[in-house]
Amino acid sequence: MIALNLEKTTRWLAIAIGIAFIALVLTLSIIRLAYPYEIEWMEGAMMDHVVRILSGKPIYTAPSIDFVAWLYPPLYYYAVAAVAKVTGIGFLSGRIVSLASTIFTALALGHITRVITKNLTLGLLTTALYFATYHTTGFYFDIVRNDAFFTMVIVAAALAAVALPKRFGVVASALILCAAFLTRQQAIFFLPPITLWYWLRERKDGVAFGMIAVGLSIAANLILNHLTDGWSNYYMFRIPSAKQADFMIIRMFDVFPNFALGAFSISFIAGIVLILLKCSGAISVSDCLEKSRSKIHTFFASDAGLIVMMMFSALAAGAMSLGNEGGYRNVMMPFVAFVIPALPIALVELQKLRPVFSRYIYLPVLFQFAALYFNPFSQKMLIASPHQQRGGDEFMRNLAAMTGEVFIPYHGYITLQAGKQSHAHILAAIDVLRMHDTTARGLQSEFDSAYSQQRFSAIILEESDTFQTDTTLNHYTFSRRMIAEPNVYLTRVADGVTRPEFVFVPSSPGGRK
């Protein structure tokens, strides 16, 4: 009776906490959807790409002071552009795509768990656990960034493999993985686990999947490169290759204390346990290797085996991304998506091996929920309040009143919102300048000329210490602040906040005022 009560109590407690997490995240997201200004400091730069698509302009083109493309493939931009044709141009379109992607991902993970475990409650809790990772992945579920969309596509590839009939699943999952590659280059990390999974089930399926996925991805890249006169490869491959000079191996290991052995240690260990359970009953290492080989083969050819392999591949992808300069928690979203189902799947396997464990099956789920707890009121610019919006309204009025061109280096789209011309995001420009080639020299010359000739009537730099002033100060002098009131019109930058605040005007007597 005590065991039954413990199982029932922990089950309903886990369900209640899961519902609370889902309600919290959806409430915050709905509030953020209609906020008319940037929530995260790179949202505007993403919208600049969407605006170019809707205006019939190319994304991948020679970099200039007016526009420089990010290093990402284009699929997310086109998805947002399609929604923007219905909603109108604005942050709402991109946030809708991201939030819809998050909801699909959470439901797909729940479905995969239910299929593998035959347990509806654990499937629902998997969905809730994914929503609960909102904080640990940097609050990227509902903003105009491609992370949520990319995670959805990767999870959809696994879902197609698990849920669809074999032959159709091979083709569908290959097509979806190609779509993932057209969203972010990190999709390459997920080709080996899905290919191996199909190979272990039936070799010709593994060959077919690999050939279709690789062939389509190469063909899509060649076509895109041809249509952009070689500029897509320049942005998507040549610049990332040059950035490897700033890669730091030590940063890769942050995946362990911060993720695999941090907030997600329970789920990650559960994934390892799933493998070790196949050695149960062995009396020595050699016995384990001999007797468990067929079981290990069977496990990795199973649906649960695919999830575990995807988990390790996502961990490797996240580690590589964290090793790059500026790597942040959002790059771990695919890892989070695949490590979460590992917990309920392992719990069911333990329950089968030791039926007495049934009374404790929901306790680890409660511990995982506890590890993901966060206080939304302690986070700056998580809640897009009317108070924040009033500051943005004031900023836009002041910006619209300025004469001439205004350059806001660390934000995109803001000047468009005020009816002015947009310009390249400075970080995208810096990526090009790292190349030290003819293109980079041309872009540097264009910037130098614009500054020395005082093309801009004003340059607005950041209030945050995260961003350092640059050479524009050699030709411009500080004039005033944009907004007198502190802590309004904020945008998130990593775990902090920033806002364009300091107005610099031409410093020479004959310069613009």
Side-chain angles (χ1 to χ4, degrees), residues 6-7 10-11 13-14 17-18 21 109-110 112-113 116-117 119 121-123 125-133 135-137 155 158 189 193 197 252-282 285 288-289 292 295-296 298-300 302-319 322 329 331-374:
L6 177 63
E7 188 274 340
T10 53
R11 170 161 44 92
L13 182 58
I17 293 174
F21 265 115
L109 293 173
I112 291 172
T113 299
I116 295 175
T117 65
N119 187 311
T121 299
L122 289 176
L125 290 175
T126 300
T127 295
L129 280 167
Y130 185 72
F131 275 105
T133 67
H135 167 249
T136 53
T137 52
V155 169
F189 282 88
W197 184 75
M252 294 177 58
F253 293 98
D254 286 346
V255 297
F256 293 106
N258 295 335
F259 293 94
L261 300 179
F264 298 96
S265 57
I266 296 172
S267 295
F268 183 67
I269 292 171
I272 296 175
V273 167
L274 271 172
I275 302 173
L276 296 179
L277 284 175
K278 301 308 175 182
C279 285
S280 59
V285 173
C288 172
L289 293 174
S292 301
K295 290 184 178 181
I296 290 292
T298 301
F299 169 72
F300 282 114
S302 69
D303 295 344
L306 174 61
I307 298 303
V308 171
M309 287 192 290
M310 294 290 275
M311 177 188 78
F312 282 110
S313 294
L315 182 66
L322 286 177
R329 290 184 284 172
V331 302
M332 298 304 297
M333 287 174 65
F335 168 73
V336 168
F338 289 107
V339 76
I340 285 297
L343 177 59
I345 295 171
L347 292 175
V348 168
E349 290 299 318
L350 284 171
Q351 184 183 33
K352 292 177 181 177
L353 188 64
R354 296 287 187 270
V356 70
F357 181 74
S358 297
R359 70 185 70 175
Y360 308 112
I361 192 169
Y362 294 103
L363 279 176
V365 176
L366 288 174
F367 291 143
Q368 182 61 83
F369 273 128
L372 298 173
Y373 166 80
F374 71 96

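A quick note: this is a predicted structure, and the numbers were derived from the prediction, not measured.
Under the 3.5 Å distance criterion, the side-chain polar atoms of Q368 are matched with a main-chain donor or acceptor of A263.
To the nearest 0.5 Å, atom CG of residue L347 and atom CD1 of residue I361 are 5.5 Å apart. Taking CG from N119 and CD1 from I116, the interatomic distance works out to 12.5 Å, rounded to the nearest 0.5 Å. To the nearest 0.5 Å, atom CZ of residue F300 and atom CE of residue M309 are 6.5 Å apart. To the nearest 0.5 Å, the span separating CZ on F367 from OG1 on T10 amounts to 10.0 Å. The line from CD1 of I266 to CZ of F369 is 11.5 Å long, rounded to the nearest 0.5 Å. Taking CZ of F335 as the start and OG of S267 as the end, the distance is 8.0 Å to the nearest 0.5 Å.
Considering all non-hydrogen atoms of both residues, W197 and S302 come closest at NE1-O, 2.7 Å. A337 and V155 make their closest contact through CB-CG2, 3.8 Å (heavy atoms, listed as atom of the first residue, atom of the second, distance). When every heavy atom of P344 is checked against every heavy atom of T126, the shortest pair comes out as CG-OG1, 3.3 Å. Of all non-hydrogen atoms in M332 and G318, the two that sit nearest each other are SD-CA, 3.4 Å. In terms of heavy-atom proximity, F338 sits nearest to A158 at CE2-CB, 3.9 Å. Counting all heavy atoms, side chain and backbone alike, S358 lies closest to E7 at O-CG, 3.5 Å.
Using a 4.5 Å heavy-atom cutoff, the side chains of I340 and T133 are in contact. With a 4.5 Å cut-off on side-chain heavy atoms, I112 and P341 do not count as touching. Inter-residue side-chain proximity for F299 and V308 is flagged as met; some heavy-atom pair is nearer than 4.5 Å.
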Go through the steps for I275 and I296 under the test side-chain contact (heavy atoms from CB on, under 4.5 Å), then give the verdict. CA-CA 7 Å; I275 302 173; I296 290 292; 4.2 Å; yes

Run the side-chain contact (heavy atoms from CB on, under 4.5 Å) test on L306 and D303 for me, step by step, so that the C-alpha distance in whole Å, both residues' side-chain angles and the decisive distance to 0.1 Å come before the verdict. CA-CA 5 Å; L306 174 61; D303 295 344; 5.7 Å; no

One pair to check against side-chain contact (heavy atoms from CB on, under 4.5 Å): L372 and F264. What are the steps and the verdict? CA-CA 8 Å; L372 298 173; F264 298 96; 3.7 Å; yes

When you look at E349 and L277, which way does the side-chain contact (heavy atoms from CB on, under 4.5 Å) test go after all the steps? CA-CA 8 Å; E349 290 299 318; L277 284 175; 3.7 Å; yes

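Scored by the side-chain contact (heavy atoms from CB on, under 4.5 Å) test, F374 finds F21, L24, Y134, H135, F139, P376, L382 as partners (sequence neighbours excluded).
F312 and F268 have perpendicular rings, their planes meeting at more than 60° on a 0 to 90° scale where under 30° would count as parallel.
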